[in-house]
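In this text the structure is predicted, and so the values were computed from the model without any measurement.
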Amino acid sequence: MFINHDHRIAFLHIPKCAGTTVRRPLEPLNQWEAAGPPWRREHPELGLLDFAHLPLAVLRDFFPGAFASVVEYRSFALVRDPYSRFASSVSERIRWNGGALLARLSRAELKKSLDTSIGYLSRQDSSLCCLPPGYIHFQRQRDYIVLDGEPVVDAVYPVERVARLREKLSACLGADGVKLTESAPSARQVNAALMYRYEGLRRTHRVVAPLMARLRRVLPAPTSRRIDDWMYVHRDEGARSLFDSDHVRDFVSSYYADDLALYARVVRASGGEREP
């Protein structure tokens, strides 16, 4: 969540939608009084709350000043294909639930976490306006864009157009906006989810990880990158058969039906093509 009163703009940070690449460089300019860090902390009425990812209903009911700014100012958000976002949300839950690295998990452990997430979400009341912090990354994207059937956010971009959004925000921020375009990290650098390419490497993680850490300090950067490319694959490749299974796709199609429609509309409005 980002609000700048001087320039009258707001950014709604939808979890697992590349929002960190936008919000993090802007943090020195964030004038929202409840902004982090820390972003996860206690709220007197709601308990432990993730202040970075507050749906519109929570803003309206518990942060009326911030909600008024979102309504009155120029507001922005990023949305993502719900299928790939769900896979990223599962990875994020694994990271927060005990700090385990995705690379250390076997396929059986990953499948168990995946099934646990689906089971939990399937049991929740569809009217629940905010999932708890451990599951906030599964919050429906529509909850940050639409409230009571009416769109609230002015400008919504697909994650494939994040560079265009950064340019727009930079223009709105004037001289301050230069910091955003200059310091924005790549999508691979932020919240990357990597798995070992080979099961043998995963089983010997306690040996491999410290060894690689030492080698990176002495090897040229291009050599380190080549070794990483041999050792690791992105989650979307390493666990494709799990996340592309009929069971998972049927769940996403049902649970995130409104998000699928929202994402399709946003992609059509943006022209549909990816940025170079």
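In this structure a side-chain-to-backbone donor-acceptor pair under 3.5 Å is present from Ser75 to Asp154. Checking side-chain atoms of Ser69 against main-chain N and O of Gly65 turns up a donor-acceptor pair under 3.5 Å. For Thr116 (side chain) and Lys112 (main-chain N/O), a donor-acceptor pair under 3.5 Å exists by modelled atom type. Without hydrogens or angle criteria, Arg8 side chain to Asn4 main chain gives no donor-acceptor distance under 3.5 Å.
Using modelled atom types, one finds no donor on one side chain facing an acceptor on the other under 3.5 Å when comparing Ser89 with Tyr135. Using a 3.5 Å distance cut-off with no hydrogens or angles, the side chains of His13 and Tyr144 do not pair a donor with an acceptor. Judged purely by distance below 3.5 Å, without hydrogens or angles, the side chains of Arg80 and Ser84 pair a donor atom with an acceptor atom.
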Could you walk me through whether Val79 and Val159 pass the side chain to side chain contact (heavy atoms under 4.5 Å, CB included) test, one step at a time? CA-CA 6 Å; Val79 293; Val159 294; over 6 Å; no
Salt bridge (charged side-chain N to carboxylate O under 4.0 Å, His left out) for Asp81 and Arg85? Distances and angles first, verdict last. CA-CA 6 Å; Asp81 168 53; Arg85 178 178 180 257; over 6 Å; no
For Leu26 and Leu173, what are the C-alpha separation, side-chain angles and deciding distance, and is it a side chain to side chain contact (heavy atoms under 4.5 Å, CB included)? CA-CA 10 Å; Leu26 288 173; Leu173 289 166; 3.4 Å; yes
Run the side chain to side chain contact (heavy atoms under 4.5 Å, CB included) test on Leu219 and Arg226 for me, step by step, so that the C-alpha distance in whole Å, both residues' side-chain angles and the decisive distance to 0.1 Å come before the verdict. CA-CA 11 Å; Leu219 291 175; Arg226 285 196 295 271; over 6 Å; no
Under the side chain to side chain contact (heavy atoms under 4.5 Å, CB included) rule, what do Val58 and Leu46 come out as? Steps first, then yes or no, please. CA-CA 10 Å; Val58 175; Leu46 300 175; 4.0 Å; yes
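Side-chain contact between Ser270 and Pro158: present, with at least one pair of heavy atoms (C-beta onward) separated by less than 4.5 Å. Annotation: side chain of Phe11 is not in contact with side chain of Met1 (no heavy-atom distance under 4.5 Å). No side-chain heavy atom of Leu56 sits less than 4.5 Å from a side-chain heavy atom of Asp143. With contacts defined as side-chain heavy-atom distances shorter than 4.5 Å, the pair Val90/Arg93 does not qualify. Contact annotation: the side chain of Arg249 approaches that of Asp244 to within less than 4.5 Å [non-hydrogen atoms, C-beta and beyond]. At a threshold of 4.5 Å between non-hydrogen side-chain atoms, the residues Arg41 and Phe51 count as touching. With contacts defined as side-chain heavy-atom distances shorter than 4.5 Å, the pair Leu242/Val248 does not qualify. In this structure, the side chains of Leu114 and Phe243 come closer than 4.5 Å at one or more pairs of heavy atoms.
No cation-pi contact links Arg164 to Tyr157, judged by a cut-off of 6.0 Å to the six-membered ring centre and 45° from its axis.
For the atom pair OG of Ser91 and CG of Leu110, the computed distance is 7.0 Å after rounding to the nearest 0.5 Å. To the nearest 0.5 angstrom, Asn30 atom CG is 7.0 Å from Ile3 atom CD1. Atom OG of Ser253 and atom CG of Asp259 lie 11.5 Å apart (nearest 0.5 Å). In this structure, CG in Leu12 is found 12.0 Å from CD in Gln141, a value given to the nearest 0.5 Å. Rounding to the nearest 0.5 Å gives a distance of 12.5 Å between NE2 of His5 and CG of Leu29. For the atom pair SG of Cys130 and NE2 of His53, the computed distance is 11.0 Å after rounding to the nearest 0.5 Å.
Taking each heavy atom of Tyr120 and Leu131 in turn, the nearest pair found is CE2-CD2, 4.4 Å. A pairwise comparison of heavy atoms in Gln139 and Cys129 identifies NE2-O, 3.1 Å as the closest pair. Of all the heavy atoms in Leu54 and Asp50, the pair that sits closest is CD2-O, 3.3 Å. The two residues Ala155 and Arg74 make their nearest non-hydrogen contact at CB-NH2, 4.0 Å. For the pair Ile14 and Ala77, the tightest heavy-atom approach, listed with the atom from each and the gap, is CD1-CB, 4.3 Å. In terms of heavy-atom proximity, Leu48 sits nearest to Glu42 at N-OE1, 3.3 Å.
Tyr256 pairs by the ring-ring contact (aromatic ring centres under 6.0 Å, His included) definition with nothing, not counting sequence neighbours. Contacts of Phe251 classified as ring-ring contact (aromatic ring centres under 6.0 Å, His included), with partners at least two apart in sequence or in another chain: Phe86, Tyr255.
Between His43 and Phe62, the ring planes lie perpendicular to each other; the angle is over 60°, past the 30° to 60° tilted range.
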